[in-house]
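Working notes, structure below.
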Amino acid sequence: MDVNGSTDAGAPIEPDTAASDLASGFRVYRPPTEASGPYIIVEGPDEALWFCQSQASAIGRLDLRSGEIVEFKLPNPRAFPVGITLGSDGALWFAQQGSDAIGRITLAGALTEFPVPARSGPTGLILGPDGNVWFSEVEAGRISYVTPAGEVVQAAHLETTSRPLSLVVRDGEIWFSEVGAGRIGRLSLDGILREYRTPSPASAPRALTCHPDGSIWAVLTDANALLRIGHNGEMTEYPVPSQAASLRGIVATTAGDLWFTENATNRIGRASADGSTITELALLAAGSGVRCIMATSGDRIFFSAFDAGEIWEAFPSRLLQAEAASPALL
């Protein structure tokens, strides 16, 4: 694992100052298993990040103080874990897309699995306002939830081809992306479903994030744009500079700026809260396959390099300084 510098509790591990300006904006964490396909990352209650390792059928834990990564192998080698979230019980709950199950892992590593209907493809998860873990079933076109006791309940049936993916909670309701239908869905806890079509047709909305101003932002992979969703479903699109960037992940920080990933162009990007300024920042290694991005409660930014099998940490102040000094390189 490539971790250097201070490991004081709660403090970011500073990049190597001897590296180039661009290199000093990132730090790489390598799981023990190579090519493990790290995907969704979530902050745990234990000063650690927990993440899915899709290709290795494992759940990883990255200690934020030491940089150490520990892996917990799943019973099914084809589980293909994708989404993960912190449950109301203090455990981590995750979706096993390949084995049609919802998993639960305690901070000590104890695993439990709850089966869902076959060929449903559970993918994204979020803790709902009711204490249940809500999840999307991308292959079946459903939104369901699992109770803390492990009971699985189907809450909404969509078009089979809608392919629901990412979920967030706003105003006490579950909002989700429909990558196959070019829509954003909204589901109340009592089962009222509303759907909003994106301005660009066949836009392939994927990751969602809640903004401090109450809006929801999404990436539109096929429309090559960021999307802002107001409280009543009104939408505004903001194109990114690079063409065919294959946008995948997005996160809003507590300061209000947005960070997103470009899988095809091997970049992460930053957008202002009003969408008026979008900056793209190149990565060091070609072919990293950047996918999911998240911010901790302290606004440390991490993202998964799926193809490289790594977790990266970004240092925004250094990246933006480098972009200002050498914009032609970014």
With side chains defined as the heavy atoms from C-beta onward, is the minimum distance between V240 and L226 less than 4.5 Å?
-> yes
Salt bridge (Lys or Arg N to Asp or Glu O under 4.0 Å) assessment of D213 paired with R228 = CA-CA 11 Å; D213 69 4; R228 184 184 187 276; 3.3 Å; yes
Does the side chain of I216 come within less than 4.5 Å of V168's, by heavy atoms?
-> yes
Would you say the side-chain atoms of S200 and E237 include a donor-acceptor pair closer than 3.5 Å?
-> yes
Is there a donor-acceptor pair under 3.5 Å between the side chain of T296 and the backbone N or O of G298?
-> yes
I229 side chain reached by W217 side chain, heavy atoms, under 4.5 Å | no
Would you indicate whether the side-chain heavy atoms of T85 and V133 approach each other to under 4.5 Å?
-> yes
Please answer whether the main-chain N or O of E234 pairs with a side-chain N or O of N232 as donor and acceptor at a distance below 3.5 Å.
-> no
Evaluate the ring planes of F306 and Y39, with Trp represented by its six-membered ring, and classify them as parallel (under 30°), tilted (30 to 60°) or perpendicular (over 60°).
-> perpendicular
Could you state whether F303 and I250 fall into the same hydrophobic cluster, counting links through intermediate Ile, Leu, Val, Met, Phe, Trp or Tyr residues with side-chain heavy atoms under 4.5 angstrom apart?
-> no
S246 versus E262, side-chain donor and acceptor atoms under 3.5 Å | no
Atom CG in L158, atom CZ in F176: separation rounded to 0.5 Å?
-> 4.5 Å
Cluster link I184 to L220, ILVMFWY, side chain under 4.5 Å = yes
S66 side-chain N/O to E68 backbone N/O, donor-acceptor pair under 3.5 Å | yes
In Å and rounded to the nearest 0.5 Å, what is the CG to CD distance from D63 to E47?
-> 7.5 Å
Aromatic ring centroids of F315 and F26 under 6.0 Å?
-> no
Distance only, no hydrogens: is a donor on one side chain within 3.5 Å (strictly under) of an acceptor on the other, for E280 and S242?
-> yes
Test item: side-chain donor near acceptor, D89 and W93, under 3.5 Å | yes
Does the side chain of Y196 pick up a donor-acceptor pair with the side chain of R186 at under 3.5 Å?
-> yes
Rounded to the nearest 0.5 Å, what separation is found between the CZ atom of R248 and the CG atom of N263?
-> 4.5 Å
Donor-acceptor pair, S272 side chain versus T277 backbone, under 3.5 Å?
-> yes
How far apart are the closest heavy atoms of Q243 and N224, and which atoms are they?
-> CA-ND2, 3.7 Å
Short side-chain to backbone donor-acceptor contact, E310 and P31, under 3.5 Å | no
Charged N-O contact under 4.0 Å between E173 and R194 | yes
Does any N or O in the side chain of S162 come within less than 3.5 Å of the main-chain N or O of G180, such that one atom is a donor and the other an acceptor?
-> no
Interatomic distance, Q96 atom CD to I84 atom CD1 [nearest 0.5 angstrom] = 10.5 Å
How far apart are the closest heavy atoms of I102 and A95, and which atoms are they?
-> CD1-CA, 4.1 Å
Mark yes or no for whether S203, through its side chain, and A223, through its backbone, hold a donor-acceptor pair below 3.5 Å.
-> no
Under 4.5 Å between side-chain heavy atoms, hopping through other hydrophobics if needed: is there a path connecting W134 to V169?
-> yes
The reported gap from CG in L74 to CD in E71 (rounded to nearest 0.5 angstrom) is 10.5 Å
Validation: residues 147-157 side-chain donor-acceptor distances under 3.5 Å, sequence neighbours left out:
from : atom 1 : to   : atom 2 : distance (Å)
T147 : OG1    : A149 : N      : 3.3
T147 : OG1    : G150 : N      : 3.4
T147 : OG1    : E151 : N      : 3.1

Roughly how far apart are F94 CZ and Q53 CD, rounded to 0.5 Å?
-> 11.5 Å
Does any non-hydrogen side-chain atom of L227 lie less than 4.5 Å from one of P205?
-> no
Judged by atom type as modelled, is there a donor-acceptor pair below 3.5 Å linking the side chain of S57 to the main-chain atoms of A79?
-> yes
Which pair of non-hydrogen atoms, one from L86 and one from V42, has the smallest distance, and what is that distance?
-> N-CG2, 4.2 Å
Got L111 and E113 here, is their nearest side-chain heavy-atom distance under 4.5 Å?
-> no
Where do G128 and I174 come nearest, in terms of heavy atoms and distance?
-> CA-CD1, 4.3 Å
Give a yes or no on whether I40 and I59 share a hydrophobic cluster (residues Ile, Leu, Val, Met, Phe, Trp, Tyr; joining criterion: side-chain heavy atoms under 4.5 Å apart).
-> yes
Closest contact, heavy atoms only, R206 versus S166 = O-CB, 3.3 Å
Is it true that F72 and W50 have ring centroids separated by less than 6.0 Å?
-> yes
Of the options E137, E178, E139, which is the one that meets R163 in a salt bridge (Lys or Arg N to Asp or Glu O under 4.0 Å)?
-> E139
Please lay out, stage by stage, how V138 and L165 fare under the test side chain to side chain contact (heavy atoms under 4.5 Å, CB included).
-> CA-CA 6 Å; V138 67; L165 286 181; 3.7 Å; yes
Can you name the nearest heavy-atom pair linking C210 to A252, along with the distance?
-> O-CB, 3.6 Å
Please assess R267 against V290 for the test side chain to side chain contact (heavy atoms under 4.5 Å, CB included), listing each intermediate value before the final yes or no.
-> CA-CA 7 Å; R267 299 171 184 259; V290 291; over 6 Å; no
Do L62 and L107 share a hydrophobic cluster, counting only Ile, Leu, Val, Met, Phe, Trp and Tyr and linking them when any side-chain heavy atoms are less than 4.5 Å apart?
-> no
Look at the side chain of H211 and the backbone N and O of G256, then say whether any donor-acceptor pair between them is shorter than 3.5 Å.
-> yes
Can any side-chain N or O of D100 pair as donor or acceptor with the backbone N or O of R119 at less than 3.5 Å?
-> yes
E313 and Y29: side chain donor to acceptor below 3.5 Å = yes
Heavy atoms, side chains only, cut-off 4.5 Å: are Q55 and T33 in contact?
-> no
Indicate yes or no: at least one non-hydrogen side-chain atom of I126 is less than 4.5 angstrom from one of Y145.
-> no
